[in-house]
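The structure presented is a predicted model; accordingly, all values stated were derived computationally and were not measured.
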Amino acid sequence: MPELEDLSERETRVLEAIIQLYIETAEPAGSQAVAKRSKLGISPASIRNTMSELETRGFVYHAHTSGGRIPTDLGYRIYVNNLPGHAPPSEHEQERLATELIESGNAIEQILRRAALVLGVLTQELGVAVAPALDAAVLERVELIRVSSERLLVVLSLHSGGVRTIFIEVPGVIESEIVERVGRILNQRLAGLTLAKIRSTIGDRLRDADGTGAGTALLNVFVAQGEDLFDLDPGQDGVVLGSAQPLADQPEFASNDRIRELLTLTERRDLLRTAFEQHRRRGLTITIGTENADPRLAEFTLVTSPYRRGGLTGVVGVIGPTRMPYDKIIGLVEHTSRLVEGLLS
């Protein structure tokens, strides 16, 4: 891939001017506007020659309805890679983010929902948050609560602060004393282990753990159903979206076809989860247009930053058209991920 060093100073300044103008106006950048923005002190005719060279090299393309140029994905990539830094959120933006997230409470789901919503509003893109995968979560405590003679509520408390509840059917009527004893055994043998470890070893850990018939029968339910009981992967339900309205208001979605594409995208939580999962362990990540592995995202840019709590990692970010103010959005996404991380800690 070409680097900034491959471009002359004039080409660099002209490319930056084209991109900045297109981000601001959503209109192809003409030579006169580029000459004024780039401040190179050369004529529009000389600027046109440079724009033609940039087009030949694949950094911009010619809009047929005018003499202006529009950045390509490669042009945006060169621009993003060589940003001198990103714009930190304004004091107002920082205050709004902090207020919204703090007021969301302590539940991970609510924090992520608020983060996606306010991030979308501040960036004018579609805010997205992905809940952490819980295989690495450590079980802190198991509580068994009788809800009927043949049904128990299993409450799993995790060191990450999360709580999950699952109903299980029990074989016949089991006395409260047996339920309490089995609860103690589960805590003695499973607490302190990751969910992944529990699923792979639960049979060995609970074998011969209780000599009574009723206790053994109940423990066998956990052995038989352990793969499902301790599999807390949120799947596509772990993808939280903000409002699509800010994105729908952008010029790129003025046509009915593009609006339908956007609505289809918001309905494909599995697609979004896969795309954002690929960013989970990569730090701040920006994938532009055709850089996305899924061709259905070829018109979009994803800007993401992971948040971490203990051994758990999730992602917050935005998705929007490739025409976006990258320096501002990078700053907002990074700041939001750090806020989420702080609240979870």
Side-chain angles (χ1 to χ4, degrees), residues 1 73 76-77 80 108-117 119-120 123 125-137 160 162 164 194-196 199 227-228 230-244 246-248 250 252-253 257-324 326 329-330 332-334 336-337 340-341 344:
M1 178 179 293
D73 293 346
Y76 281 125
R77 170 51 61 195
V80 168
I108 292 178
E109 294 82 0
Q110 289 302 317
I111 291 173
L112 295 182
R113 192 168 303 281
R114 285 289 190 96
L117 186 62
L119 194 52
T123 62
E125 314 292 350
L126 177 63
V128 183
V130 179
L134 296 177
D135 267 5
S160 61
R164 293 294 184 275
T194 66
L195 297 183
R199 291 204 308 274
E227 190 67 30
D228 294 326
F230 295 96
D231 182 5
L232 304 186
D233 183 356
Q236 67 181 40
D237 293 333
V239 178
V240 180
L241 301 181
S243 171
L247 200 56
Q250 296 203 32
E252 283 83 353
F253 302 99
D257 287 344
R258 293 303 305 277
I259 283 290
R260 280 194 291 271
E261 289 176 12
L262 175 60
L263 292 176
T264 300
L265 181 65
T266 62
E267 293 170 356
R268 292 300 307 271
R269 302 295 178 96
D270 56 336
L271 184 159
L272 292 176
R273 183 173 182 85
T274 299
F276 275 71
E277 282 283 1
Q278 294 171 353
H279 294 191
R280 183 185 293 277
R281 301 190 183 281
R282 292 166 53 189
L284 174 73
T285 305
I286 303 158
T287 52
I288 302 170
T290 51
E291 294 175 356
N292 289 296
D294 194 311
R296 289 168 291 185
L297 296 173
E299 301 293 328
F300 297 91
T301 285
L302 279 64
V303 181
T304 66
S305 182
Y307 62 87
R308 295 179 175 84
R309 170 68 166 92
L312 306 183
T313 306
V315 181
V316 296
V318 300
I319 181 170
T322 54
R323 183 192 65 87
M324 63 168 60
Y326 286 93
I329 287 177
I330 291 168
L332 281 165
V333 168
E334 280 202 310
T336 302
S337 71
V340 170
E341 197 169 86
L344 296 181

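When each of Leu302, Leu297, Val303 is checked for a side chain to side chain contact (heavy atoms under 4.5 Å, CB included) with Thr287, only Leu302 meets the rule.
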Next on the checklist: Under the criterion side chain to side chain contact (heavy atoms under 4.5 Å, CB included), I'd like the reasoning laid out for Ile329 against Thr301: C-alpha separation, chi angles, the key distance, then a yes or no.
Outcome noted: CA-CA 11 Å; Ile329 287 177; Thr301 285; over 6 Å; no
Item to check | Test log, rule side chain to side chain contact (heavy atoms under 4.5 Å, CB included), inputs Gln250 and Glu125 | outcome: CA-CA 9 Å; Gln250 296 203 32; Glu125 314 292 350; 3.1 Å; yes
Item to check | side chain to side chain contact (heavy atoms under 4.5 Å, CB included) assessment of Arg296 paired with Leu265 | outcome: CA-CA 8 Å; Arg296 289 168 291 185; Leu265 181 65; 5.9 Å; no
Checklist entry - side chain to side chain contact (heavy atoms under 4.5 Å, CB included) between Leu271 and Asp294: does it pass, once the steps are laid out? => result CA-CA 8 Å; Leu271 184 159; Asp294 194 311; 3.8 Å; yes
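Of all non-hydrogen atoms in Pro306 and Ser337, the two that sit nearest each other are O-CB, 3.6 Å. Shortest non-hydrogen contact noted between Pro321 and Met324 is O-CE, 3.5 Å. When all heavy atoms of Phe276 and Val318 are compared, the closest pair comes out as CZ-O, 4.3 Å. The two residues Val240 and Leu112 have their closest heavy-atom pair at CG1-O, 4.1 Å. Shown here for Thr322 and Gly289, the closest heavy-atom pair between the two residues is CG2-N, 3.7 Å. Scanning both residues, Ala129 and Ala116, for their nearest heavy atoms gives N-CB, 4.1 Å.
With sequence neighbours left out, the ring-ring contact (aromatic ring centres under 6.0 Å, His included) criterion links Tyr76 to Tyr326.
Distance check, rounded to the nearest 0.5 Å: CG of Leu262 to CD of Glu299 gives 12.5 Å. The CZ atom of Arg199 sits 9.5 Å away from the CG atom of Asp228 when rounded to the nearest 0.5 Å. The CG atom of Asp270 sits 4.0 Å away from the CZ atom of Arg268 when rounded to the nearest 0.5 Å. With rounding to the nearest 0.5 angstrom, the CG atom of Leu119 is 4.5 Å from the OG1 atom of Thr336. Between atom OG1 of residue Thr304 and atom CD1 of residue Ile319 there is a gap of 11.0 Å, rounded to the nearest 0.5 Å. Taking CG of Leu126 as the reference point, atom CG of Leu117 lies at 10.5 Å (rounded to 0.5 Å).
Enclosure of atom CZ in Arg258 by more than 12 non-hydrogen atoms of other residues, nucleotides or ligands within 6.0 angstrom is indicated.
Formation of a donor-acceptor pair under 3.5 Å by the Asn292 side chain with backbone atoms of Phe300 is found in this model.
No side-chain heavy atom of Ile286 sits less than 4.5 Å from a side-chain heavy atom of Glu291.
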